[in-house]
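Please read the structure below before turning to the comments.
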Amino acid sequence: MRATGVLSGRRGRVAAGLLSACLVLTACSPQRPHRPAGAKRSAAAAATAPTPVGSAASAAASVAASAAAAPDVSRYYRQRLDWRPCREAASFRCTSVTVPLDYTRPEGGDIRLAVVRHPATGPRAARLGSLLLNPGGPGVSAVDDVLSFADGFSPALRAAYDLVGVDPRGVGRSDPVDCGTGASPAALEAEEDAVGPGSGFALIAGACARSAGRLLPHVGTPDAARDMDVVRALLGDDRLGFLGYSYGSYLGATYAELFPSRVGRMVLDGAVDPGMDAFRATLGMARGYQVAWEAFAADCVPRPGCPVGGSLRDAGRVLDDLVAELDEASRAGDGRGVPATGDDLLTAVTSALATPAWGGLRSLLREVQAGDAATRRLLLGTDDAGGPGEQSLAAINCLSSALGPRSTDAQTRAAVPEFRRAAPQFGAYYAGFLPMCAHWPARPTQVPHRISARGAPPILVVGTTRDPATPYEQARALARQLSSGRLLTWDGDGHTAYQQGSRCVDTAVDDYFLHGRLPADGTVCR
C-alpha cells in the first residue's frame, strides 16, 4: 500500500494511492497456504430470504429487516450445477453459480460466480460436508487459493471435507470490477500531475464510475454473504462451514448476522471488528505495524549483520533515513524509468511484517541498502500499477463505513499528527489512506455496528497478539460481540494464526472443524 504524497510529505502516484496488494483495514490475505472450515451436509436446502436476526443495534436490525423483506429469490436456490474438471487440474471440479445482481430487484439481471471444489478424499460415510474458504483482501481469489493450496490442508480435513472456493462478486473470475486503470505508473502519475497533487483517489473513483458503474453498488459484503447462502444450499449443506481470514472474517460475521440458523462450524481468523469505524481501524493499523516493526527490530538487533542497527532507536532512524534517501533519489530521477520511492519501501516492509518469518525482511533491507536504483526498483516492484484485483478491493471496502475511510483532505491533514504520534515510522503513510473513499461513486451499504448473530452455534474467533493488519483487540472485540463467540489467542507475530507455525493453534482449529470441540475459554497458544 502506498500513501498519497500530499498527505505523507512524499509524492504519490494514482496507482500507488489506491491500487496495491493490500489495502487499509483488511490489509491482505495471509501470505501462506490458506486452510478451510466446515459444516455438516444433508439434502439441498431451499430458501427465499435470510433468517431474521435479533439484535439490539439499529444498524444490525436494519440489515436483517431489509434482507427479510427482499423479493423471492428461491429460483436461484433451485439451479443445477454443472461440475466439470478444472482446466488447471483435473482432480478439482469447477462450475459457476448464477445470483441476482441486486437482491432487492432480482428481475434486474444476473451475475455469475466462479466456484471450485476439491472433493473429500475420505470414505463417503465419514465425510462432513463442504468447507468454504475466503482468503481475505478483499479482492483475493478464493478459487485460485484453493487450486494453489489444497494440498496444504491437513490430511484429516482433506479426508472429511470438500474444499470449496467461491470468488465473491466483483472478484477474480466472478465479474471482477475493472476500472480500466491498467496504464503504466508513469502515465498515471502524469495524469495526476495534470489534475493536481493528492488527486489519485478521485481519479480512480472517476475511472471506476465510468467503467464499472452498474456493478459498483452491488459488490458489498452483505450481497456476498447472500451469495454464499445460495452456494451453501446448492452444495447440499444445511449449514455453512466457513473459514475466513482478515476481510474474510468480516464476510463470515456478516453471514452469521443474516443467517444465524444456517451457520455451521465457522472460524474467523485475523478478525475485523465490525463495530469499529474506518478512521479508528486505519489508525489501529498504523499502530499495529509500528508494534510489528519494533518486534522485528528487537529480534534483529542481536543478530550479526542486522540491517537496522544496534537498538530499537537505531532501527526507526535507519528506516526513516532509507525512506528519505529513496524519496530524494526519486525526486532527482535516474533516467531509467519510474524510480522506487519511500512509499514503495514502506509497502514492501508492511507486506513482510505480515508474515511471522522475518528472514526475508532482513534480506530485503540489506539489498535495498546496497543496491543501485535499478535493483531497488526491481526489489520494490514499482512497475506494478495494479489491476482488477486491487480495484475489486477498493470497490468492496468503499461500500462499508467500517472498511473504507472517507475523510476530506482537510480532515486528513489534521489527523496526520495523531497518526505520527501513534506510529512514528508508519503514521503518515497510513494517514494517506483516510480519503480513500471520499470520492467513491457508490455510497456505503454497511455502517459500523456490533454483530451478535444471536441464535448462531459456536463461532471460533482467532487473534494474534502482534497482528499488524488486524490488531488483536479487534479479535477480542468480535469474540465479545458474537453471542456464541469463543476467542483463541496466539501469542505471536504476523497476520492471522492458523497454519502460521503454531501447532497449538492448528490442533485447536482442526479439532473444532473435525469434532466440533471448542478450545477452553481463555486459551492462549505460545
Side-chain angles (χ1 to χ4, degrees), residues 35-42 45 50-57 60 64 127-134 153-154 156-157 160-161 164 225 228-229 232 235 237-246 248-275 449-464 470 472-490 496-499 502 504-525:
R35 316 288 173 256
K40 192 167 183 176
R41 166 175 290 175
S42 70
T51 302
V53 178
S55 173
R127 297 178 187 178
L128 298 177
S130 305
L131 312 172
L132 271 69
L133 165 70
N134 185 278
F153 289 89
S154 71
L157 283 175
Y161 291 105
V164 177
M228 287 203 304
D229 196 59
R232 168 203 61 79
L235 291 170
D237 295 314
D238 281 339
R239 292 175 177 264
L240 177 76
F242 183 76
L243 171 62
Y245 294 99
S246 194
S249 72
Y250 186 70
L251 176 60
T254 300
Y255 181 91
E257 179 180 36
L258 294 174
F259 306 96
S261 67
R262 300 175 198 165
V263 172
R265 294 173 187 170
M266 178 175 283
V267 172
L268 308 178
D269 187 5
V272 171
D273 175 5
H449 65 281
R450 294 169 60 87
I451 290 180
S452 66
R454 193 170 305 280
I459 296 173
L460 183 59
V461 179
V462 186
T464 303
T470 51
Y472 177 62
E473 56 265 25
Q474 294 201 41
R476 289 195 299 183
L478 179 58
R480 287 194 299 265
Q481 291 172 34
L482 291 169
S483 62
S484 60
R486 174 67 57 85
L487 179 63
L488 172 65
T489 299
W490 181 30
T496 75
Y498 184 49
Q499 298 286 353
S502 168
C504 170
V505 170
D506 294 351
T507 298
V509 172
D510 283 356
D511 196 38
Y512 169 69
F513 286 149
L514 294 169
H515 307 293
R517 292 193 291 259
L518 288 167
D521 193 20
T523 297
V524 178
C525 292

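No hydrogens, no waters, no symmetry mates; every other heavy atom, side chains included, goes into these values.
- Between Ile459 and Ala256, the shortest heavy-atom distance links the atoms CD1-CB, 4.0 Å.
- Between Asp238 and Arg262, no side-chain nitrogen of the basic residue sits less than 4.0 Å from a carboxylate oxygen of the acidic one, so the salt-bridge criterion is not met.
- Put simply, the side chain of Ser249 never gets that close to the backbone of Asp269: no donor and acceptor are under 3.5 Å apart.
- At distances below 3.5 Å, not a single donor-acceptor pair connects side-chain atoms of Thr496 with backbone N or O atoms of Gly270.
- Between Pro457 and Arg265 there is no side-chain heavy-atom pair separated by less than 4.5 Å.
- Of the candidates Arg450, Gln474, Gln481, Gln481 is the only one forming a side-chain hydrogen bond (donor to acceptor under 3.5 Å, both in side chains) with Asp273.
- Side-chain contact check for Tyr498 and Asp506: no donor-acceptor pair (N or O, by modelled atom type) lies under 3.5 Å.
- Looking at Arg517 and Asp511, a side-chain N of the basic residue comes within less than 4.0 Å of a carboxylate O on the acidic one, giving a salt bridge.
- Scanning all heavy atoms of the two residues, the minimum distance from Ala253 to Ile451 falls at O-CG2, 3.6 Å.
- Residues Leu131 and Phe513 form no side-chain contact, since every pair of their non-hydrogen atoms from C-beta on lies 4.5 Å or further apart.
- Atom OG of residue Ser484 and atom CZ of residue Arg454 lie 10.0 Å apart, to the nearest 0.5 angstrom.
- Between Asn134 and Phe242, the closest side-chain pair of non-hydrogen atoms falls below 4.5 Å.
- No side-chain heavy atom of Leu240 sits under 4.5 Å from any side-chain heavy atom of Val263.
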Can you check side chain to side chain contact (heavy atoms under 4.5 Å, CB included) on Val509 and Gln499, steps first, answer last?
CA-CA 10 Å; Val509 172; Gln499 298 286 353; over 6 Å; no

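- Leu487 and Arg476 make their closest contact through CD2-CG, 3.6 Å (heavy atoms, listed as atom of the first residue, atom of the second, distance).
- By the 4.5 Å heavy-atom criterion applied to side chains, Cys525 and Leu488 are counted as neighbours.
- With hydrogens and angles disregarded, no donor-acceptor distance shorter than 3.5 Å links the side chain of Thr470 to the backbone of Val272.
- A distance-only check finds no donor-acceptor pair linking the side chain of Arg127 to the backbone of Tyr161 [under 3.5 Å].
- A donor-acceptor pair is defined here as one N or O able to donate and one able to accept, closer than 3.5 Å; no such pair exists between the side chain of Thr507 and the backbone of Cys504.
- A heavy-atom distance below 4.5 Å is not found between the side chains of Arg486 and Pro458.
- Inspection of the Tyr472 and Thr464 side chains reveals no N or O donor paired with an N or O acceptor under 3.5 Å.
- For Pro274 against Tyr250, the heavy-atom pair with the smallest separation is CB-CE1, 3.8 Å.
- Summarising the geometry of Pro260 relative to Ala453, their closest heavy-atom pair is CB-O, 4.1 Å, with the distance given to 0.1 Å.
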Begin with the C-alpha distance, continue with both residues' side-chain angles, and end with the deciding distance and a verdict on side chain to side chain contact (heavy atoms under 4.5 Å, CB included) for Leu268 and Leu460.
CA-CA 6 Å; Leu268 308 178; Leu460 183 59; over 6 Å; no

Between Thr523 and Thr489, is the side chain to side chain contact (heavy atoms under 4.5 Å, CB included) condition met? List the steps.
CA-CA 6 Å; Thr523 297; Thr489 299; over 6 Å; no

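- Closest approach of Gly455 and Ser483 over heavy atoms only: N-OG, 4.0 Å.
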